[in-house]
Amino acid sequence: MVLRLYDTKTAEIRDFTPLHEGRVSLYYCGATVQGKPHVGHVRSAVAFDILIRWLRASGYDVLAVRNVTDIDDKILEKSAASYSPDFRADQDYPAEEPWFALAYRFEQAFHAAYDALGVLRPSYEPRATGHITEMFALIQRLIDAGHAYPAPDGSGDVYFDVRSWQNYGELTRQRVEDMQDAPDADPRGKRDPRDFALWKGHKEGDPETAAWDSPWGRGRPGWHLECSAMATKYLGEQFDIHGGGLDLRFPHHENELAQSRAAGDDFARYWLHNGMVTYQGQKMSKSIGNTISPEEMLSQARPKAVRYFLGQAHYRSQLDYRPGSLQEAEAAVERIEGFLAKSLGEQPVQLQLPEAFRAAMDDDLNVPAALAVLHESVRAGNTALAQGQKTVAAERAAEVASMAQVLGLADVPEPDGAGSAEHAALGTLVDHLLTERTAAKAEKDYARADAIRDQLTTAGVIIEDTPEGARWSIAAQTKGDTHG
RNA sequence: GGUGGGGUGGCCGAGUGGUGAGGCAGCGGCCUGCAAAGCCGUAUACGCGGGUUCGAUUCCCGUCCCCACCUCCA
């Protein structure tokens, strides 16, 4: 079996063959850290986390780079707004916060969200502001090649010359002439309205900390440039995979591709894009007010259920959230965990993956089909368990654990801390009550036994009787959805 | 106007030219002192209209609707 991936650029599923045997270089767009992460960000992170895990499970060495774009218009705007006299500070946006502090604060918020969901840290996470000199070099190459020009209006801007690059639009298969006229707020010195800024001249009022001396005057980087500069710096002028959300396809990735190719770099060999997250069919957006944050999700369900939900649809599909989604995911996760708890001896040292699972993952990461295999194994394992075939059950359990590992479900931290002192104390108390209940049952005092169980249930402790005695677990959070 | 992706049973969500993934919810049964968990069984489906075919949800044509991108967006 060979891994096949859908390449957005060619619009077809292609066999994946890395540039260098056994090694995969991957760049995927992280966040422009201008606000708190929303569900779409973490969905994307989970999607690429699964890709990375699958590549590694397939034997590849993966060098994964995810950028942090820590300077852009919005970051500066939000910071500037915090100094305004009529600024209303809240817990997300304190007053008088410098742009770099704001960016760094949100960068950490992203890390917290990723970590909570068991998203592996990339190999490296470069920041845009740390790569200004690399950007200079790239701009200079583009100017030398005749594909970029300093604005003639003295603004200090440098633009990419879209008309000079005949392949412009190749990523999204659009022709420049067919594109809707973007009434750019300020055409300034552009030769074509679609020309985009590589470098933005410093404007009065912009913070001095957000300006660098360049050969074209003081200023700051344009949006798309940092990814081209950083991807090629760390992965080479040609690398295997470039990823990101579908909404980055245009203009962000189109522009990246244009500027890198025009400068002479081969750039990415495969382009992968994950689908959007919707709320009952509509794209989540702040203006509609139909957003749900990762924080809110984590307050409604365990991280593992949130991760399951975010990863369960095919990565290219739209992922629809609606009230109840997380409860369903929670039920599915508990089914898996319940089986493992009953049957798994030791964690498998080596991954034991059913062929059907491998085939599903190799087929453009068909996670829904892979999950079907996982659940089939759970069912088969439960059947074996019911028939007393412990060896068979253990085999199925090893498979299930392996599949859960590959999908990243095994690495999601438990917020309640199963190993915490609180948990241990609770366990002592519950065990004591269960001993009493067992004694009551032995005396056929079922009223007493049920009273104990009811008491525990009320406290949120679920009791399950098994041939080996009673087991207990903490009930899933069943907080209702507060949205909609 | 341009580009791309969709419309699958109560919900989510794969997939396929012909013996109807998987999850969640429902119903019946087994198990249980009763439950819970689990197992077994079970119903409801492929937007609409044509066409190709022995046979289409799957291919073709038409049509309706939805979504995304073309402006900052994972």
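Lettering follows sequence order; numbering is per chain, from 1.
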Applying a 4.0 Å non-hydrogen cut-off, can you work out what [X] is touching in the nucleic acid: base, sugar-phosphate, or nothing?
X        : value
A:Gln318 : sugar-phosphate
A:Thr8   : nothing
A:His273 : nothing

What's the closest nucleotide to the side chain of [X] if the choices are [options]?
X        : options                : answer
A:Arg173 : B:rU3, B:rG13, B:rA21  : B:rU3
A:Tyr6   : B:rA14, B:rC24, B:rG5  : B:rG5
A:His375 : B:rA21, B:rG23, B:rC70 : B:rG23
A:Ser44  : B:rC72, B:rA74, B:rA14 : B:rA74
A:Glu328 : B:rC70, B:rG23, B:rA14 : B:rG23
A:Gln312 : B:rG4, B:rC12, B:rC24  : B:rC12
A:Ala332 : B:rC12, B:rG22, B:rG23 : B:rG23
A:Arg322 : B:rA74, B:rA21, B:rC11 : B:rC11

B/S/- contact track for nucleotides 34-43 of chain B, protein heavy atom under 4.0 Å: BBBSSSS---

Electrostatic pair A:Glu330:A:Lys304 at N-O distance under 4.0 angstrom: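 No, this pair does not count.
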
Lys/Arg-Asp/Glu bridge criterion (N-O < 4.0 Å) met for A:Asp49, A:Arg53: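 Yes.
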
Whether A:His111 and A:Tyr114 hold their rings parallel, tilted or perpendicular, with breakpoints at 30° and 60°: perpendicular

